[in-house]
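By convention in this document, chain letters (A, B, ...) are assigned in the order of the sequence lines, proteins followed by strands, and residues within each chain are numbered from 1. Because only heavy atoms are used, hydrogens play no part in the values below, and waters and symmetry mates are left out as well, while side chains stay in.
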Protein chains: 2
Amino acid sequence: MAAKKPSSVARHPIGVVSSRTGLPLDVLRAWERRYAAVVPTRTDTGRRLYSDLDVERLRALRVAVDQGRRISDVASLSLAKLQALQQEDEASRARSRRIARRRPKAEPAEYVTRGFAAVESLDRDQLVRVLEEAEVALDRLSLYADVLVPLLRRIGECWREGTLRIVNEHVATDVFRGFLARHVAPPDAPTDRPRLIVTTAAGQLHELGALLVAATARDHGWEPAYLGPNLPAEEIAAGVERYGARALALSLVYPVVDPRLDAELENLRHYVGSEFPIFVGGDAARAHAETLKAIRARYVASLADLGPALAGVAA
Amino acid sequence: MAAKKPSSVARHPIGVVSSRTGLPLDVLRAWERRYAAVVPTRTDTGRRLYSDLDVERLRALRVAVDQGRRISDVASLSLAKLQALQQEDEASRARSRRIARRRPKAEPAEYVTRGFAAVESLDRDQLVRVLEEAEVALDRLSLYADVLVPLLRRIGECWREGTLRIVNEHVATDVFRGFLARHVAPPDAPTDRPRLIVTTAAGQLHELGALLVAATARDHGWEPAYLGPNLPAEEIAAGVERYGARALALSLVYPVVDPRLDAELENLRHYVGSEFPIFVGGDAARAHAETLKAIRARYVASLADLGPALAGVAA
DNA sequence: CTGTCCTGGACAAAAGATTGACAAGACGGC
DNA sequence: GCCGTCTTGTCAATCTTTTGTCCAGGACAG
């Protein structure tokens, strides 16, 4: 454990630390007052200044507490010990999970919580396990709408506000993608189903929403062709043509508002022809409602609405 | 299962034990009250504190019970006896099957050609088929080095010179990723293997090379943790620490030359400490040879060299 | 002047402990 | 196969400890 940089220069006020660790202000102070969990330096007027190391420690403490340890027990442990503990807990938990026990009850919210915890602690295997449990316990729509969507949304929020590291988001994305890929493209599909092109417009980097759309479409009897994220209008049109698709679905998530996007959408309508059905959904769709209306794209408010919307086309 | 150190320091509250063993709180208490199956120590305020040994015992008890024994019968057995029991049951259940492996000689170059054709015509299923054929026909290393790498390189070239559309590249990436993901993270891996962090530096968007590295490392007895592409040095360091990794592998592909990259690499060396083993490979690595030398990263010229290089660390 | 931060006290919610009870399934005798 | 008895997981009620949250009143920073 040689030179660790993140201590010397940067010192953060309590507000920043709170948002970076996800711990409320009061908790930070309470932990300091009651257990001296971290003892930040002070300005000459008494304000707390936390080092990067403090932040890291607090993060680790939070994980430990979330895993069920008591703050009074772990508050005095070193950062290394905390991380060791975390490792141990996970390994141990994983082993016990392998001997699957009977399933009590299946609350979607619980999967979200457990999934998020797994993301936080970078525990890939655990995340996979949670998803798989949810998959067998719930029906498809509920799995997507009540577990995956809330989970994604929560990860997105925390990521934007800095509570989650980039690594966490990456690992989560990778797991989700693998998980959804199985739903989107099951091995053998002699396809007389209508084709649906699924993608994301240029500038839109987040692909998980699109994958959810593809998987849902598949459940409704379509054959989705997922083209990957961040495609310019011309490319999308090429895909539509190549596959002889009957409709196109776009997911707009982030950035929420993007002037380039409007132009892209207009282009898209131009390329695919004026009658081709275009469906659009995602959190960023509302922000571009006008353009969507102008190009006569159909807005799909939620995954549950996708099936009926598609049915209108297939007829 | 060899190395297991019941660190006598750690004492766990009942909540953690419950989650570690999968036994409900009530059961833990009931077993203690009725059979003294384990007798945890107490804090001065009466809360239970379980040792690692207790946890181990409880886990064994649970296995025995799940296998149909009665708790009242096994509660008083020693840990050793419980484990013997478990072994016995497992042995009687073990029915392993042998999978015959045929290996018709085929020319790797042919798979490359067919694969590329599939990419060109956007035929996802065909691409998957080609990869799967190659997978059974060739050994791992040859599959990676003689099929995937050339295929990727060719796609990359055509993409850069505009012969291939973005869509093609996207679809290919998606298929490859799904294919490789299966190699990188097989279902359950009780991991006493050394950990290797695999990722891509900030600015480097192409992740397929990294996935190849992860899969190869796995074949050499490591436990790769793939963190996703395009990570800043600080994030990578966090991952290294979090996973207690023994080494780090970076894939540098595109952009081939990137001034920011040098700074990133230096940062990275700084964060992980001066002795930590860093391996670097990929087509863009040569262009940064000086920096790599400066930070004492080890250059790995091809996938075939990765195994030996890693072996040097594991020793 | 407004928004952020400090201290210390108070309070509410969560997590645990204890005791007792109950119901479903296992077991054993006939 | 039937019936009483045992086992055992689960639940409820109640109390204590621990921990998160809120508030008041004041100070500081920008």
Side-chain angles (χ1 to χ4, degrees), chain A residues 11-51 54-55 58-59 61-77 89 96 99-105 107 109-110 113 117 161 163, chain B residues 11-51 54-55 58-59 61-77:
Chain A
R11 314 223 87 118
H12 318 284
I14 195 169
V16 171
V17 175
S18 166
S19 112
R20 291 207 4 201
T21 58
L23 294 165
L25 298 175
D26 283 321
V27 171
L28 291 177
R29 290 192 275 253
W31 284 6
E32 177 185 344
R33 171 172 22 134
R34 305 210 256 238
Y35 320 105
V38 303
V39 184
T41 58
R42 303 291 188 118
T43 70
D44 27 358
T45 56
R47 305 211 154 189
R48 276 166 253 253
L49 286 180
Y50 294 80
S51 70
D54 291 333
V55 174
L58 285 167
R59 272 204 176 113
L61 284 174
R62 183 162 119 81
V63 171
V65 167
D66 283 350
Q67 276 175 343
R69 323 222 66 119
R70 302 166 43 196
I71 182 59
S72 51
D73 287 343
V74 292
S76 62
L77 297 183
D89 266 1
S96 87
I99 330 160
R101 198 165 170 78
R102 45 176 147 286
R103 207 158 301 299
K105 54 196 159 193
E107 198 60 37
E110 195 182 320
T113 312
E161 75 185 22
T163 313
Chain B
R11 300 216 164 283
H12 317 286
I14 194 169
V16 169
V17 174
S18 166
S19 114
R20 274 196 177 194
T21 59
L23 294 166
L25 299 176
D26 282 325
V27 171
L28 291 176
R29 290 191 274 251
W31 284 6
E32 176 185 344
R33 171 171 27 134
R34 306 210 256 239
Y35 320 105
V38 302
V39 184
T41 58
R42 303 290 187 118
T43 71
D44 27 1
T45 56
R47 317 276 280 187
R48 276 165 252 255
L49 286 178
Y50 295 80
S51 70
D54 292 333
V55 175
L58 285 167
R59 206 198 305 279
L61 284 174
R62 187 188 132 181
V63 169
V65 166
D66 282 352
Q67 275 171 348
R69 324 246 163 195
R70 300 168 42 167
I71 181 59
S72 50
D73 289 344
V74 291
S76 61
L77 296 183

With a 4.0 Å cut-off on heavy atoms, is Arg29(A) in touch with a base, just the backbone sugar-phosphate, or nothing at all?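 The answer is base, as Arg29(A) lies within the cut-off (heavy atoms under 4.0 Å) of a base atom.
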Map Thr43(A) and Ala30(B) onto DNA chain D by nearest heavy atom, then report which one ends up closer to the 5' terminus.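 Result: Ala30(B).
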Among the candidates [options], find the nucleotide nearest to the side-chain atoms of [X].
X: Arg33(B); options: dC22(D), dG9(D), dT19(C); value: dT19(C)
X: Arg70(B); options: dT21(D), dT18(C), dC27(C); value: dC27(C)
X: Arg48(A); options: dC11(D), dC6(C), dC22(D); value: dC6(C)

Please report the shortest heavy-atom distance between Gly46(A) and Arg42(A), naming the atom on each side.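 Looking at all heavy atoms of both residues, the closest pair is O-NH1, 2.7 Å.
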Any idea which heavy atoms bring Leu25(A) and Ser18(A) closest together, and the distance? CD2-CB, 3.7 Å
For [X] and [N], is the shortest distance between a side-chain N/O and OP1 or OP2 below 4.0 Å?
X: Ser72(A); N: dT19(D); value: yes
X: Tyr35(B); N: dT8(D); value: yes
X: Arg42(A); N: dT7(C); value: yes
X: Thr45(A); N: dC6(C); value: no
X: Arg34(B); N: dT7(D); value: no

Spacing of CZ belonging to Arg11(B) relative to CG belonging to Asp54(B), to within rounding of 0.5 Å: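 If we round to the nearest 0.5 Å, Arg11(B):CZ and Asp54(B):CG are 7.5 Å apart.
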Pairwise distance CG(Leu28(B)) to CD1(Ile14(B)) - rounded to 0.5 angstrom: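 Nearest 0.5 Å value for the CG-CD1 distance: 5.0 Å.
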Atom-to-atom span, [atom1] of [X] to [atom2] of [N] - whole angstrom:
X: Arg69(A); N: dG20(D); atom1: CZ; atom2: C1'; value: 20 Å
X: Trp31(A); N: dT21(D); atom1: CH2; atom2: P; value: 10 Å
X: Leu49(A); N: dT4(C); atom1: CG; atom2: P; value: 17 Å

Please check this pair: side chain of Arg62(B) against backbone of Thr21(B), looking for a donor-acceptor N/O pair closer than 3.5 Å. yes
Tell me whether the side-chain N or O atoms of Arg47(A) pair up with the base of dT4(C) as donor and acceptor below 3.5 Å, since no angle test is needed here. yes
